[in-house]
Amino acid sequence: MKEVQVKVPGHSYTIKLGSGVIKELPAELKRLNPSSCLIATNITVGSLYLKKATDLCNGMCRTESVVLPDGEAYKDWGSVSAILEKLASMGADRKSVVIALGGGVVGDLAGFAAAIYMRGIRFIQVPTTLLAMVDSSVGGKTGMNMTAGKN
């Protein structure tokens with residue numbers, strides 16, 4: 001695994017690169033010490049990795065999940081609302097963490113929801129596609145589409 005330190009004004013963060021980086025979730029959660037975790041994923045990725053991610057997180061914090069429909073067509077207010085409602089129903093607070101498990105759509109939606117829940121809570125990206133690895137997970141691009149156009 002390779003680590004890259006990203007420095008931006010007033011803040012820095014680490015990007016971990018490599019195969020199987022999902023196994024680093026417990027160490028990252030230990031560092032963050034969250035009160036709870038919400039894993040946001042879609043039906044396709046969730047069927048492959050959600051149980052593993054949940055098992056890795058459960059030892060570190062109370063972990064719940066929200067599984068969204070798959071595809072760009074669902075990058076909308078309905079999906080953002082589903083994430084926000086799940087955070088609220090589980091009692092997520094300012095020390096909670098949202099984990100995006102999936103491709104660019106999941107990363108964009110989960111990051112956007114984390115940014116607006118309680119005026120911003122912590123967020124971890126676990127991208128599962130090459131595009132998500134180089135597009136939405138580096139640099140913090142988040143958003144959702146509207147009927148007037150793409151995010």
Side-chain angles (χ1 to χ4, degrees), residues 1-9 11-29 31-32 34 36-57 60-61 63-90 92 96-151:
M1 179 180 57
K2 181 173 174 81
E3 291 189 7
V4 176
Q5 195 69 22
V6 177
K7 295 180 183 178
V8 294
H11 181 70
S12 69
Y13 59 94
T14 303
I15 299 173
K16 297 180 180 185
L17 306 165
S19 179
V21 176
I22 192 170
K23 67 181 178 260
E24 296 294 317
L25 272 175
E28 190 62 21
L29 293 175
R31 185 183 70 76
L32 294 173
S36 62
C37 297
L38 175 66
I39 300 172
T41 191
N42 66 34
I43 190 80
T44 303
V45 173
S47 68
L48 299 170
Y49 301 111
L50 182 56
K51 181 176 181 347
K52 180 176 186 166
T54 302
D55 290 347
L56 288 167
C57 295
M60 306 309 297
C61 63
T63 304
E64 296 194 30
S65 62
V66 59
V67 180
L68 304 168
D70 193 7
E72 184 78 19
Y74 299 100
K75 191 170 152 184
D76 60 12
W77 277 116
S79 294
V80 172
S81 180
I83 297 169
L84 295 172
E85 291 292 339
K86 185 63 176 185
L87 286 164
S89 72
M90 65 186 269
S96 297
V97 173
V98 174
I99 300 169
L101 177 64
V105 171
V106 168
D108 284 0
L109 291 169
F112 184 68
I116 64 175
Y117 185 78
M118 299 187 106
R119 288 172 274 145
I121 63 173
R122 295 170 298 176
F123 174 57
I124 297 172
Q125 290 259 24
V126 183
T128 58
T129 67
L130 180 59
L131 184 57
M133 289 174 204
V134 298
D135 181 31
S136 66
S137 68
V138 177
K141 180 183 97 42
T142 64
M144 46 145 265
N145 297 335
M146 297 177 288
T147 53
K150 187 169 165 55
N151 65 312

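Starting from 1, each residue takes its place in the sequence as its number. From a predicted model like this one, the values you see are computed outputs, not experimental measurements.
In this structure, a donor-acceptor pair under 3.5 Å is present between the side chains of T44 and D70. A donor-acceptor contact closer than 3.5 angstrom links the side chains of Q5 and T14.
Taking every heavy atom of both residues into account, S79 and Y74 meet most closely at OG-O, 2.6 Å. The two residues I22 and P26 come nearest to each other via the heavy atoms O-CD, 4.4 Å. Shortest non-hydrogen contact noted between Y117 and L84 is CB-CD2, 3.9 Å.
More than 12 heavy atoms of other residues, nucleotides or ligands sit less than 6.0 Å from atom CG of L48.
Put simply, the side chain of T54 gets close to the backbone of L50: a donor and an acceptor are under 3.5 Å apart.
Between the CZ atom in F112 and the CH2 atom in W77 there is a gap of 4.5 Å [rounded to 0.5 Å]. To the nearest 0.5 Å, the span separating CG on L56 from CD on E28 amounts to 13.0 Å. Separation of atoms CG (L29) and SG (C61) is listed at 5.0 Å; rounding is to 0.5 Å.
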- Task: Determine, stepwise, if the pair L38 / M90 fulfils side chain to side chain contact (heavy atoms under 4.5 Å, CB included).
- Result: CA-CA 9 Å; L38 175 66; M90 65 186 269; 4.0 Å; yes
- E3 and I15: CA distance, side-chain angles, deciding distance, side chain to side chain contact (heavy atoms under 4.5 Å, CB included) verdict: CA-CA 6 Å; E3 291 189 7; I15 299 173; over 6 Å; no
- Message: Run the side chain to side chain contact (heavy atoms under 4.5 Å, CB included) test on V6 and S12 for me, step by step, so that the C-alpha distance in whole Å, both residues' side-chain angles and the decisive distance to 0.1 Å come before the verdict.
- Response: CA-CA 5 Å; V6 177; S12 69; over 6 Å; no
- Does the pair V21 and V126 meet the rule for a side chain to side chain contact (heavy atoms under 4.5 Å, CB included), with working shown? CA-CA 8 Å; V21 176; V126 183; over 6 Å; no
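Counting heavy atoms from C-beta outward, P34 and R122 have side chains that approach closer than 4.5 Å. Contact check for L25 versus I124: side-chain heavy atoms found under the 4.5 Å cut-off. In this structure the side chain of I39 reaches within 4.5 angstrom of the side chain of C57, judged on heavy atoms. Using a 4.5 Å cut-off on side-chain heavy atoms (C-beta onward), M1 and L17 make no contact.
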Pair up each side-chain donor or acceptor in residues 96-107 with any protein partner under 3.5 Å, not counting sequence neighbours, and list the distances.
from	atom 1	to	atom 2	distance (Å)
S96	OG	S35	OG	3.2
S96	OG	S36	OG	2.7
S96	OG	D93	N	2.9
S96	OG	D93	O	3.3
S96	OG	D93	OD1	3.4

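Checking I116, D108, L68 one by one against V80, the side chain to side chain contact (heavy atoms under 4.5 Å, CB included) holds for a single residue, I116.
Looking at residues two or more places apart in sequence or on another chain, you find no salt bridge (charged side-chain N to carboxylate O under 4.0 Å, His left out) involving K52.
Applying the side chain to side chain donor-acceptor pair (under 3.5 Å) test to residues at least two apart or on different chains, none of the pairs has a partner in residues 18-27.
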